[in-house]
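Just so it is clear: chains get the letters A, B, ... in the order the sequence lines come, proteins before strands, and each one is counted from 1.
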Amino acid sequence: MTTFADLGLSQKVLSAVADAGYSIPTPIQAGAIPFALERRDICGIAQTGTGKTASFVLPMLSLLEKGRARARMPRTLILEPTRELAAQVAENFEKYGKNHRLNVALLIGGVSFEDQDRKLERGADVLICTPGRLLDHFERGKLLMSGVEILVIDEADRMLDMGFIPDIERIAKLIPFTRQTLFFSATMPPEIQKLADRFLQNPERIEVAKPASAAKTVTQRFVASHSKDYEKRAVLRELVRAQTELKNAIIFCNRKKDVADLFRSLERHGFSVGALHGDMDQRSRTTMLQNFRDGNLQLLVASDVAARGLDIPDVSHVFNFDVPIHSEDYVHRIGRTGRAGRSGAAFTLVTKRDTKFVDAIEKLIGEKVEWLNGDLNALPAVEESKDSERPRRNGRERGEKDRGRGRGNRSAASHKSDNDIQDNDVQVIEAAPARAEVLKNERKAEQKPQNNARNNRPYPANDDSRDRRRHRDHDDGPTPVGFGDDIPAFMLIAGSAKI
DNA sequence: AAAAAAC
């Protein structure tokens, strides 16, 4: 059997790999590493979860042992489609490069130029970049690409989706054509093949089988829901609470706004939850992801920025709050669970307007997905509850009224949009006649300009009350935002004070 | 019906 020692990697690399606990390379690693070490171009067709990153990081480390970087003249360049992926590759260089003295610079947007400039000035052996920030540095004259010996283009199909190809072409023109190019893509449709032909010279093509199709290890279920957001949120909460084996979960929404809304709603309902989408500031993105990885957050509400490539081991559940519009995204999303042969569960909320996307998904995965509690036809008509003649005006959960812990008239004006979300969650379940008003509120909330400070930082970065909150009884009802469990006494007296 | 990425 092939081991890492058979691939021609340097001792320094081998020892770091051994320290990380690996001895047997994955197929893409066994296939790509020997050719990469011979300075051949590579066209790798591999999905995430196949060990693709190490298949270029390890040989690059070996090759970089000869020579040193000069100021503003990086020796190698790795292009990634998202900031998180770039950061992840940088972590791989840390891990496997611990016996090396290489300068690695992570050039991504959303963070200050200063540190990045300093690293470029000092001479970077490895640049790991998102295209926009790299070109930004280049245009500011901080960077010469004429010394680049190895270029890695990762996730090429996704780069194409995201419209990065013109940037990539531009960058490639700035690098000597004598370079070595390592090109990776999860899929190889004709337009990607054309790209590969342009960037690569006599490449060695390595294609690995898809990891065991998600259908095998992931239990998939559709869950019928009415289509209003507050109804979907209620269905989701029930679904999450009903899971006995839930360790942690990613909840996908199609839109950034819905990520923010659902995050706030879940947080207010006492869940241990984080959020991740591309309009959040980079610091929050990094913190959220780290906290989720570390187990400090149980749920992560995310846009498709988290659907592919991010290495979050051991996610027990995936919930699709929205049915993805493109069926391939469904496969990527549920691929976040059931990794490495472990079992996983994926639930998708489906409303009447989603039927054609659901059909496309079933066609793509080649099987019918079971419904959890009956399909859309079994969906009861919108419930009317007994105390519907008394629509609630504040954010108190059903059954909470005797607890003396309502939010009173707090923030009636100051946190309007937050209250709208809360109220909708509650009112509509209980009070169908209040629907007209609720709809009006929802519309108002939607028209309200986005409050950036709030959206970008769904919670204060160092707020450790989250950790305590996850141990709360989840049926406790809404938590006043910003206090965690440390609620000032005066707030516990219903309706006592305006804040 | 979207998301992602530069300031």
Nearest-Å distance, [atom1] ([X]) to [atom2] ([N])?
X      : N     : atom1 : atom2 : answer
A/I168 : B/dA5 : CD1   : P     : 14 Å
A/F164 : B/dA4 : CZ    : P     : 11 Å
A/H332 : B/dA3 : NE2   : C1'   : 13 Å
A/D304 : B/dA5 : CG    : P     : 12 Å
A/M159 : B/dA3 : CE    : P     : 21 Å
A/F252 : B/dA4 : CZ    : P     : 12 Å
A/H326 : B/dA4 : NE2   : C1'   : 13 Å
A/D157 : B/dA3 : CG    : P     : 20 Å

May I have all residue pairs that pass ring-ring contact (aromatic ring centres under 6.0 Å, His included) and include part of residues 151-193 of chain A, sequence neighbours excluded?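 Those involving residues 151-193 of chain A are A/F56-A/F184.
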So if I take every side-chain heavy atom of A/R285 and compare against B/dA4, B/dA3, B/dA6, which nucleotide ends up nearest?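 Closest nucleotide among those given: B/dA4.
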Name the closest nucleotide to the A/E139 side chain, picking from B/dA4, B/dA6, B/dA1.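 Of the candidates, B/dA6 comes closest.
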Is [X] near enough to [N] that one of its side-chain N or O atoms lies under 4.0 angstrom from OP1 or OP2?
X      : N     : answer
A/T82  : B/dA5 : no
A/K256 : B/dA4 : yes
A/R140 : B/dA6 : no

Ring centroids only, cut at 6.0 angstrom: are A/F113 and A/H137 within range, meaning strictly under it?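 Yes - the distance between ring centres of A/F113 and A/H137 falls below the 6.0 Å cut-off.
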Is the A/H332 to A/Y330 ring centre distance short of 6.0 Å?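 No - the distance between ring centres of A/H332 and A/Y330 does not fall below the 6.0 Å cut-off.
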Across the strands shown, which category fits [X] at heavy-atom distances under 4.0 angstrom: base, sugar-phosphate, nothing?
X      : value
A/R353 : base
A/D354 : base
A/D136 : base
A/G163 : nothing

Under 3.5 Å, is there a donor-acceptor pair between the side chain of A/E80 and the main chain of A/I153?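 Here the side-chain-to-backbone pair does not exist.
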Tell whether A/H277 reaches the base of B/dA3 with its side chain through a donor-acceptor pair below 3.5 angstrom.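 Checked by distance alone, the answer is no.
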Name all residues meeting the side chain to side chain contact (heavy atoms under 4.5 Å, CB included) criterion together with A/R221; count only those two or more places apart in sequence or in a different chain, and write none if there are none.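 Counting only residues at least two positions away or on another chain, A/R221 forms a side chain to side chain contact (heavy atoms under 4.5 Å, CB included) with A/T219, A/F347, A/E370, A/L372.
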